[in-house]
Amino acid sequence: MNWQGWAEIALTLGLQVAIALPLGIYLSRVWNGERTWLDPVLRPVERGFYAIAGIDPDRRQSWYAYAGAFLAFNLAGFVLLYAILRLQHLLPFNPQGFGPLSTHLAFNTAVSFVTNTNWQSYGGEATMSNFSQMAGLTVQNFASAAAGATLAAALARAFLAHRGEAIGNFWTDLVRTTLYVLLPLSIVVAIALVALGVPQTLGPSFQATTLEGGHQTIALAPVASQLAIKQLGINGGGIFNVNSAHPFENPTPLTGLITAVSINVLGWAAFFAFGRSAAVRKDVRALVAAGFVLLALGTSAIYWSETRPAPALVAAGADTAQNMEGKEVRFGAAGSAAWAGPTTGASNGSVNAMHASFLPLGGGVAMVLMQLGEILPGGIGSGLANMVLMALLAVFVAGLMVGRTPEYLGKKIEARGIKLAFVALLVFPAALLGFSAVAAVLPAALAGLLNAGPHGLSEILYAYTSAAANNGSAFAGLTANAPWWNTTLGIAMLVGRFVPAVAILAIAGALAAKPKLAPTAGTLPTDSGLFVGLLAGVILILGGLQFFPALALGPIAEHFQMLALTP
Amino acid sequence: MSLDHPAANGVAPATPRRMPRAASFSGAILRRALLDAVVKLDPRALLGNPVILSTEIVAILSTLSAAALAVHGQPVGFAVQIALWLWATVLFANFAESVAEGRGKAAADSLRAARVTTRAKLIVDAERNLVVPTPAHELEVGAIVLVEAGDMIPSDGEVIEGVASVNEAAITGESAPVIRESGGDRAAVTGGTTVVSDWIKVRVTAKPGETFLDRMIAMVEGADRRKTPNEIALAVLLAGLTLVFLIAVVTLVGLGRYSGADLQPLVLGALFVTLIPTTIGGLLSAVGIAGMDRLLKHNVLATSGRAVEAAGDIDTLLLDKTGTITFGNRMATEVVPAPGVRPEAALRAALMASLADETPEGRSVVELARGRGLFADIPAGATFIPFSATTRQSGLDAGARAWRKGAVDAVIRSLGLKAEQVPAEFGAAVDRIARTGGTPLAVVEDGALVAVIHLKDVLKPGMKERFADLRRMGVRTVMITGDNPVTAAAIASEAGVDDFLAEATPEDKLRLIREEQGKGRLVAMCGDGANDAPALAQADVGVAMQTGAQAAREAGNMVDLDSDPTKIIEIVETGKQLLMTRGALTTFSIANDVAKYFAIVPALFVAALPVLGGLNVMGLSSPQSAILSAVIFNAIIIVLLIPLALKGVRYRAVGAGALLSRNLLVYGLGGLVAPFVGIKLIDLCVAALGLA
């Protein structure tokens, strides 16, 4: 560890939040339907969309109408993407002549991109045509990100309402988030990346002759445009198999910083936007603080872990200043940690280093950051919504201790809210641990593992964690393109996305119907440092502790085994 | 509504005697609770408590597993101990509930003794006063009974004829008799009370078995105790956590097998039970029952647990000025001399004018003079001039001398003075008194204006501090009074209430409650008059006075047996205490899990993965001892916390932030640390005794 490393981590994490603040205000204006400086250009386009689709933008929906629209939109997106992937060989822009995807891979991939997970059981440059990338995957990169954001917009209105029924209009939330936020921002970032040397072409792969006279195929693609939304939309699915470790995705230090900051800038922005839209800015600062502290701790732990001397390397007399296995030499331990922390804390899942090659605790921390429920800051809006669920639980448990029926942001927390919160929270450990436990004893599943012992278990745990949490990052080593893995990971992604989403919208409906209470001196303060600590504790104990036994058998056991090798 | 006459019951406040009740932990209660705890092992009794039901299921399974080991001739010592401690966990939880119920049951028994068993005198012919002896439990609504001196009133009802003094000690514990008469707010009588003198005719208003006394017995027994909304929400949370840990434990079978650990159902069951929130799950209903019980200790009877909880959530408290904030009567606080009159002479004149005046105002003048060392006897042969509506003054004539005191304008008119003839200083004093909410009384000695008495509402001692406490709790106080706005404002600012409603009618009160509720606030109030009934019913917490009208008692969701309107503050505190106790035990229970993981997880896997011994941070002596110690800790912590569940976490009016940090420190951090220490100590004992 050195100060340059710490500075790199601090700069990345700090910029993510700093840029999110103004972006969040803008996002809130977009959700609220307020005027923005893009209105002159985009307003007619927006109206055009509504006219074509026959949507009345002024009609406000109840929670179930909103949830129905949410599900219908995602189902349509899934069907479309599945069709594109299965019919890839018949569709244009396929210079490499790739064939169709298998049913289970197409299912897995379609689910993965619709759920904003971007788990990739395939290597992009050897599987996907340009058409599939652009019209299939990239479209979902926008659509799934915007769909996630609608959860936060609806929740903000629910907290603001006083005995209300409607929580907004799903279609306007979706269209406005895409049109006013995701598209312009992606265009700006993509152009910046092109200017900095990231390729953007529809041409075929480049055939190179190496100095030794060997032949090498260098894959090309419209990298910059997909890279921009992959990062900004908290998607994570790269064009190239090695994702952001590839020099075409990340040619210079500046592109490194831009793409790293983009990992979760809109995730944090959704927090601030929620704060402004629900008129609870101070309380949201506490949510951001709790999330940021945990994320900074996790990132620091990874950096610390990756600069520990591995006993075996010490014994071999190797350089042990940092653990370089699986890392891009340009990035080293600090650059890899500054990426691994945010990408797992947010549900981004892009990687610039192989998490499987981290020392056991480093890989374990990456898993924990996802297992906390993708709230640091998680996906755009979906992360905020899950964080609010944790805050509801924290307020419920601790709020009783001040002698009142707990209320959060002016809304009383009662049985229905707790029930729905648990529906949202339970599905995650059920999918993660349930599938992991079966896979751990199923020969068909075990065939995909590269390693045996605790590291092999980590491969299983990481895969289901990443899928159920809708993260999408992979722990290299697992060969997931097989029926068992594609199917079960797909199911984990589905339930991990849609069960909580519907529960959150139902909570929004229930909250909206409640009276909005003014805080009194007897109300639990939810904007204090004390609350930040309380929330962080609840996230760790209620959100994380349940995975401790599983982690003990995976990364923790591997860690102790590694120490036992000390000569 | 009796805004200015709280003492409408006509009874001078006596020292309230507490309800007949048993001591908290008497031997009889404990014996009965132990028996109950065993009876409650019936799984059907545990259906409402998923945490303890799960514990019992695991206890059954581990018993079977121990039996299976015995059949196969394998060592059973460890399995038997685990099974026994799991059963103990369930028994301790049942015991906690039974102890809480036991206190109520003991109180109910003594109430039952008061239930009428004698025959009532049913009037079958009103004209000829023909009565037929009828068993009390056969009296239908509308029946008219005659109750004479020495009779017990057979059922709840309304006096339709006659006046009698009634001893209501059976209900209130207050032995001084009260007057009950037909018409007005003193018409309600309660079954089980006794007529001490005279006679009354009562129309029965309660169905058999549904009298106030019956309801009271049911309430204190907890017979029709239903779960409160907050209790339900908490139960959902606990059930959710139970499911989370069920998933975490069941999936360990597969994950463990991968790692080469063949986990016994017995130890998985033990892990499951220690992780699920058995502490709060076991104590939850005891906390609720004890909350009702604490209220009963204050001599307040709630008709539902929901009302007790709502009391903790109160945002706005409506308080009648008279009797609650101030003493019932205005009192003389100063005597201002007229120009040229010596203060002593002025005071003496006021005293003489009041000597024979038996009204509270008159007595207060005598008290004031006595406080300043001035005494006087009524001169021999003096005549008392009583107050009359036409003269609006009263006084004393003794020979040639005459003293009068009365309303300023009336006195001045009777002296034949014109406005400009009244001395300016005198007029100024009168104005000042009126402006500050007091009542000025002019004093005349031998036809000369000598002084003005300042009568004012006197605050009950300590009210200002209590309002400050309430403000810190986040409760807004609103004073309700029939006074004019000037007087009301003066008293409100002196008392330190947040707001006031002057010249209030019952309709105003109802409107204010609706307004507050419209803003999402919870409102509490107390009242005793029949015209308070709509407001009492509308309020979230309506406390009726036991001595009040029947309609008020029916409308409120609490009845104060002492009829003390200030009690509402204790009610709010009791409600808060109830919620705090629940929160504290939940936090403690959840925080406990960290240590339990560190005890059991290494113990589970150390055989398959010896390196995981590194997680045994407590240095527990053996895997079996670690598991057993965690299970034992989990069981006995319930017993150790029973006193806290029954007594409740202490409430301090320090504001939510300060309360939270204190309770988080004690129950959160304490809950994190305590099991590390406890499990280690138990492990030392287990190892020393060679139990595992």
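Residue numbers begin at 1 in each chain, while the letters A, B, ... track the order of the sequences.
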Give a yes or no on this: more than 12 heavy atoms of other residues, nucleotides or ligands lie within 6.0 Å of atom [atom1] of [X].
| X | atom1 | value |
| --- | --- | --- |
| A/K412 | NZ | yes |
| B/R650 | CZ | no |
| B/K647 | NZ | no |
| A/R308 | CZ | yes |
| B/R257 | CZ | no |

With the side chain counted from C-beta on, respond yes when B/F467 and B/D498 share a heavy-atom pair under 4.5 Å apart, and no when they do not. no
When you compare the side chain of B/Y651 with that of B/M473, does any pair of heavy atoms fall below 4.5 Å? yes
Against chain B, label [X] side chain, backbone, both or neither, depending on which of its atoms sit under 4.5 Å from a heavy atom there.
| X | result |
| --- | --- |
| A/L425 | neither |
| A/F422 | side chain |
| A/L540 | neither |
| A/Q546 | both |
| A/F396 | side chain |
| A/V397 | both |
| A/L426 | both |
| A/H162 | side chain |
| A/R163 | side chain |

Between [options], who has the most heavy-atom pairs with chain B when the cutoff is under 4.5 Å?
| options | result |
| --- | --- |
| A/G456, A/P515, A/G417 | A/G456 |
| A/P429, A/S528, A/A430, A/G453 | A/G453 |
| A/L553, A/V538, A/L442, A/I413 | A/L553 |
| A/T520, A/L530, A/V441, A/L517 | A/L530 |

Per-residue contact mode, [X] against chain A (heavy atom under 4.5 angstrom):
| X | answer |
| --- | --- |
| B/L609 | side chain |
| B/F605 | side chain |
| B/S259 | side chain |
| B/R471 | backbone |

Does this structure show an ion pair linking [X] with [Y], if we count only N-O contacts that are shorter than 4.0 Å?
| X | Y | answer |
| --- | --- | --- |
| B/E515 | B/R521 | no |
| A/E407 | A/K514 | no |
| B/R472 | B/D469 | yes |

Top contributor to chain A contacts, counting heavy-atom pairs under 4.5 Å, from [options]:
| options | result |
| --- | --- |
| B/L246, B/L234, B/L659 | B/L234 |
| B/L243, B/L672, B/V649, B/T587 | B/T587 |
| B/L237, B/V601, B/I247 | B/L237 |
| B/V244, B/L604, B/V475 | B/V244 |
| B/L241, B/I232, B/V253 | B/L241 |
| B/I280, B/L578, B/T586, B/L615 | B/L615 |

Would you please indicate if the ring centroids of A/H455 and A/Y462 are separated by under 6.0 Å? no
Hey, would you say the B/F598 and A/F548 ring centroids sit under 6.0 Å apart? yes
Walk me through it: do B/R294 and B/E570 pass the test salt bridge (Lys or Arg N to Asp or Glu O under 4.0 Å)? CA-CA 10 Å; B/R294 272 197 299 280; B/E570 270 103 17; over 6 Å; no
Of B/T316, B/D315, B/D540, which meets side-chain hydrogen bond (donor to acceptor under 3.5 Å, both in side chains) against B/Q517? B/D540
